[in-house]
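The structure under discussion appears below in the form of structure tokens.
Convention: sequence-line order gives letters A, B, ...; per-chain numbering from 1. Being a predicted model, the structure only gives us computed values, none of them experimental.
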There are 2 protein chains.
Amino acid sequence: MTNTNPLAEWLTPAQMTEATGVNIDTLRYYERENLLQSVKRNSSGHRRYSSNDVLWVQVLRCLRQTGMTIEQLRTYCNLGEQGDHTEPERLQLLLQHREKVEQELQEIISALKMIDHKIEFYDSSIKQGSKP
Amino acid sequence: MTNTNPLAEWLTPAQMTEATGVNIDTLRYYERENLLQSVKRNSSGHRRYSSNDVLWVQVLRCLRQTGMTIEQLRTYCNLGEQGDHTEPERLQLLLQHREKVEQELQEIISALKMIDHKIEFYDSSIKQGSKP
DNA sequence: CTACTACCTGAAGTGCGCTTTAGGTCAAGC
DNA sequence: GCTTGACCTAAAGCGCACTTCAGGTAGTAG
């Protein structure tokens, strides 16, 4: 089954990689780690991803990119699996994560300032050197 | 030799850790990796760090915190060792790094926006749920 | 029929930045 | 003289997030 139809509702692994920017092997890894629990299969056992899967993987990437660990992601997913009554807990988890990211952001910004100082220093030092 | 004098010009490893927030083992590791080449020793072979070492380690931390690899840091250090004529190259290296950090910063910020959307969603969903 | 490609699995491997371990030395205090 | 604690070294180990490998299947094209 070669699915090249852009209107297809189910994405093959290759198309999923195309759609999300996430490597096929990483997608399988996420599945193994229970971060992606609802992926369907076709009659020959091949994965077929839904548009919901696409959205979810995008969320996973945002959380990973901001440094959430696989372990924490698993916790978050498991809460999701357990139904709507876990929403307060999930909110809590996100709020905590958000705070950590905000803090790290400030640290990066202040590191960037020091880098800018050094850049400024080299810049003027080089200008000085080429002047006489 | 137990150096507890706050006016001492040379810091022991423990004091260096205190001053920079960098683990003793990590400092030794940096030295092994040639990121810290001028550390002095006392008569019994123990390290004594200068105030310049403190400043340099702070620079190293800023660069590490913003994701520069040990390998790149080594390149940067080696240029420094080679004298003032390498300043343009060092500037180039920092400018390149700066650009990468800036880009990553934008990605984190946009990931944070998505997280905020989810937080907003849970927030209003939970309020709705408690409203019969 | 054969070849090819896309997919499948469990398990092992990789890369990076530390961190720990094992086995020492040295100077000071009791 | 003995212990203690801070330090030393080379080498091995660790944690994390993937990534690769070895060996297999299913469907399509020539």
Determine all donor-acceptor pairs shorter than 3.5 Å in which one atom belongs to a side chain in residues 87-94 of chain A; sequence neighbours excluded.
| unit_1 | atom_1 | unit_2 | atom_2 | d |
| --- | --- | --- | --- | --- |
| A/E87 | OE1 | B/S125 | OG | 2.5 |
| A/E87 | OE2 | B/S125 | OG | 3.4 |
| A/R90 | NE | A/T86 | OG1 | 3.0 |
| A/R90 | NH1 | B/Y122 | OH | 3.2 |
| A/R90 | NH2 | A/G83 | O | 3.1 |
| A/R90 | NH2 | A/T86 | OG1 | 3.1 |

Would you classify [X] as touching base, sugar-phosphate or nothing, given that sugar-phosphate means primed atoms plus P, OP1 and OP2, and contacts are heavy atoms under 4.0 Å?
| X | answer |
| --- | --- |
| A/R64 | sugar-phosphate |
| B/R28 | base |
| A/R41 | sugar-phosphate |

Could you tell me the separation between the [atom1] atom of [X] and the [atom2] atom of [N], rounded to a whole number of Å?
| X | N | atom1 | atom2 | answer |
| --- | --- | --- | --- | --- |
| B/Q72 | C/dG17 | CD | C1' | 14 Å |
| B/R47 | C/dT25 | CZ | P | 17 Å |
| A/L27 | D/dT19 | CG | P | 11 Å |
| B/E18 | D/dC7 | CD | P | 12 Å |
| B/E31 | C/dG17 | CD | P | 18 Å |
| A/I24 | D/dT20 | CD1 | C1' | 14 Å |
| B/I70 | C/dG17 | CD1 | C1' | 6 Å |
| A/E33 | D/dC18 | CD | P | 10 Å |

Exam field: side chain A/T26 to backbone A/V22, donor-acceptor pair closer than 3.5 Å: no
DNA chain C-proximal residues of residues 96-110 of chain B, any heavy atom under 4.0 Å: none
Tell me which of A/S43 and A/T26 sits closer to the 5' end of DNA chain D, going by the nucleotide each one is nearest to. A/T26
NZ/NE/NH1/NH2 to OD/OE distance under 4.0 Å, B/D25 and B/R28: yes
Would you say that [X] contacts [Y] through its side chain, given a criterion of any heavy-atom pair below 4.5 Å between the two side chains?
| X | Y | result |
| --- | --- | --- |
| B/M16 | B/V57 | yes |
| B/E104 | A/Q65 | no |
| A/Y29 | A/L35 | no |

Protein-nucleic acid N or O pairs under 3.5 Å, nucleotides 21-26 of chain D:
none

Non-neighbouring partners of A/E18 that pass side-chain hydrogen bond (donor to acceptor under 3.5 Å, both in side chains), sequence neighbours left out: none
Who pairs with A/R64 by side-chain hydrogen bond (donor to acceptor under 3.5 Å, both in side chains), at least two apart in sequence or on another chain? none
Across all chains, not counting sequence neighbours, the salt bridge (Lys or Arg N to Asp or Glu O under 4.0 Å) partners of B/R41 are B/E31
Give a yes/no on whether any side-chain N or O of A/Y30 is located under 4.0 angstrom from OP1 or OP2 of D/dA17. no
Check whether any side-chain nitrogen or oxygen of B/N23 sits under 4.0 Å from OP1 or OP2 of C/dT19, and answer yes or no. yes
Value rounded to 0.5 Å, distance of CG in B/L11 from OG in B/S51: 8.0 Å
Could you check which of D/dT19, D/dT9, D/dA11 has an atom nearest any side-chain atom of A/R32? D/dT19
